[in-house]
2 protein chains.
Amino acid sequence: MNVQLLNKKEAIFESTLKLINEHGFHGTPMSQIAAHANVATGTIYHYFSSKDELILELFKYCREKTNEHIFNFNEDLSYKERFFYIWNRLVDYYVAHKETFWFIEQFYSSPYYELIKQRKTTYYGVDKMHLFFEEGIKSGIIRDVSFYTLISIYIGSATSHVKMVTYGFCKMQAKGREDLIEIIWNGVKNQ
Amino acid sequence: MNVQLLNKKEAIFESTLKLINEHGFHGTPMSQIAAHANVATGTIYHYFSSKDELILELFKYCREKTNEHIFNFNEDLSYKERFFYIWNRLVDYYVAHKETFWFIEQFYSSPYYELIKQRKTTYYGVDKMHLFFEEGIKSGIIRDVSFYTLISIYIGSATSHVKMVTYGFCKMQAKGREDLIEIIWNGVKNQ
DNA sequence: TGCACCCGAATGAACGTTCAATTGCTAAAT
DNA sequence: ATTTAGCAATTGAACGTTCATTCGGGTGCA
């Protein structure tokens with residue numbers, strides 16, 4: 001795959017991302033995506049077999065890009081520091097890439113996600129989080145509760161926070177964010 | 001089909017809810033909604049001026065029904081007891097009404113929500129939560145942080161938990177839920 | 001010459017909405 | 001008690017549009 005090819009494919013991705021945010025999955029015609037990406041309608045079908053396939057691929061693309069950003073911490077940070085770091089990186093990334101955030105949210109709560117779920121692929125991000133929480137539990141730093149309980153509070157509050165911020169409800173972004181991760185830490189840590 | 005026993009408008013609501021969960025907003029034709037509700041296509045347009053209007057009305061209907069369920073606590077419960085009660089009622093309601101939950105989630109993360117947001121109606125549920133958190137802060141029981149911070153952690157984790165449960169990821173439902181609200185309480189309470 | 005890439009008009013199916021016609025219901029008038 | 005008028009409720013075929021996908025024909029490069 002040469003460079004030109006990557007550019008076209010990414011242009012299609014980025015255009016899809018932008019337009020789906022504005023008009024929803026089915027409010028976004030292929031012709032519009034093509035026009036926005038400066039390619040012909042038919043060209044999209046050279047890269048993706050269908051609109052659904054395009055959306056599925058875009059979802060994976062977004063998830064990978066997000067994961068790349070949040071797990072690149074310095075190995076000699078303390079556990080608590082990494083706990084704060086990963087969470088803040090996630091919030092940062094989503095706030096800086098609102099379209100990615102909303103696309104992922106839209107995807108997860110739509111019937112599309114059923115298709116991915118059935119494909120039964122454990123993916124990078126979940127594995128990383130699993131290991132991270134396991135480390136904290138084994139070393140006695142955080143409470144011994146189930147992975148999904150920890151994920152619910154750690155990721156759930158992060159996405160909720162980003163929703164508030166991007167909706168424009170939440171003004172004091174920095175303060176609110178610091179309070180939030182501190183509350184989570186207080187709740188999750190041992191003692 | 002028992003929906004035909006309800007009045008026509010509610011039958012249309014319930015059918016829309018079910019079908020949109022299965023096929024998404026635009027994967028659900030009006031003709032299919034009508035068929036499932038045992039009415040003619042044209043009948044829907046007697047009650048709703050358009051498909052968008054139907055979806056907006058359905059959203060309000062779902063939100064009201066949810067709020068009715070979560071705020072009906074006994075007034076002489078302690079603050080902590082109410083803090084646990086409301087959260088559990090919300091999770092209970094969503095788990096028992098998965099279609100309502102997923103519809104609301106889908107709606108919030110879609111462009112539809114922009115339409116509601118602009119109408120600038122403060123609504124019952126938010127006001128209730130606002131007063132509840134304010135009470136906790138004023139009496140010094142919970143930490144003095146912004147409303148949106150509290151909402152992010154309280155509601156965000158609840159919806160995340162429900163997602164895990166309805167996706168089938170989370171097996172130990174009761175235990176996980178108890179851990180979760182306890183963690184939130186630990187994080188949010190003073191001292 | 002062959003292959004990958006690209007184009008965009010044409011196709012045909014699907015869908016939201018309309019509408020003219022019909023029925024059911026209520027209450028006023030006889 | 002019966003008729004009548006009028007409006008609300010209901011129907012589903014028909015309409016016009018939109019859109020995903022196809023396809024026949026390009027271009028440029030190995």
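Every heavy atom of this structure was used, including side-chain atoms; hydrogens, water molecules and symmetry mates were not.
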Review point. Nucleotide by nucleotide, 5' to 3', does protein get under 4.0 Å of the base (B), only the sugar-phosphate (S), or neither (-) in nucleotides 11-30 of chain D, counting heavy atoms?
Key: BB------SSBB--------

Check your understanding: Does anything in residues 50-62 of chain A pair up under salt bridge (charged side-chain N to carboxylate O under 4.0 Å, His left out), and if so which pairs, sequence neighbours excluded?
Key -> E57(A)-K60(A)

Exercise for review: Give one of base, sugar-phosphate or nothing for F48(B), where a contact means two heavy atoms less than 4.0 Å apart.
Suggested key: nothing

Check your understanding: Centroid-to-centroid, Y93(A) to F101(A), below 6.0 Å?
Key -> no

Contacts under 3.5 angstrom, residues 125-135 of chain B side chains, donor-acceptor by atom type, not counting sequence neighbours:
residue, atom, partner, partner atom, Å
E135(B), OE1, R82(B), NH1, 3.2
E135(B), OE2, R82(B), NH1, 3.4
E135(B), OE2, R82(B), NH2, 2.9

Practice item. Decide if the gap between the ring center of F83(B) and the ring center of Y154(B) is smaller than 6.0 angstrom. Key: yes

Review point. CD1 of I12(B) versus P of dA9(D): gap in Å, rounded?
Key: 12 Å

Exercise for review: Give the C-alpha distance, both sets of side-chain angles, the deciding distance and a yes or no for side chain to side chain donor-acceptor pair (under 3.5 Å) between Q106(A) and Y108(B).
Suggested key: CA-CA 9 Å; Q106(A) 224 175 312; Y108(B) 268 128; over 6 Å; no

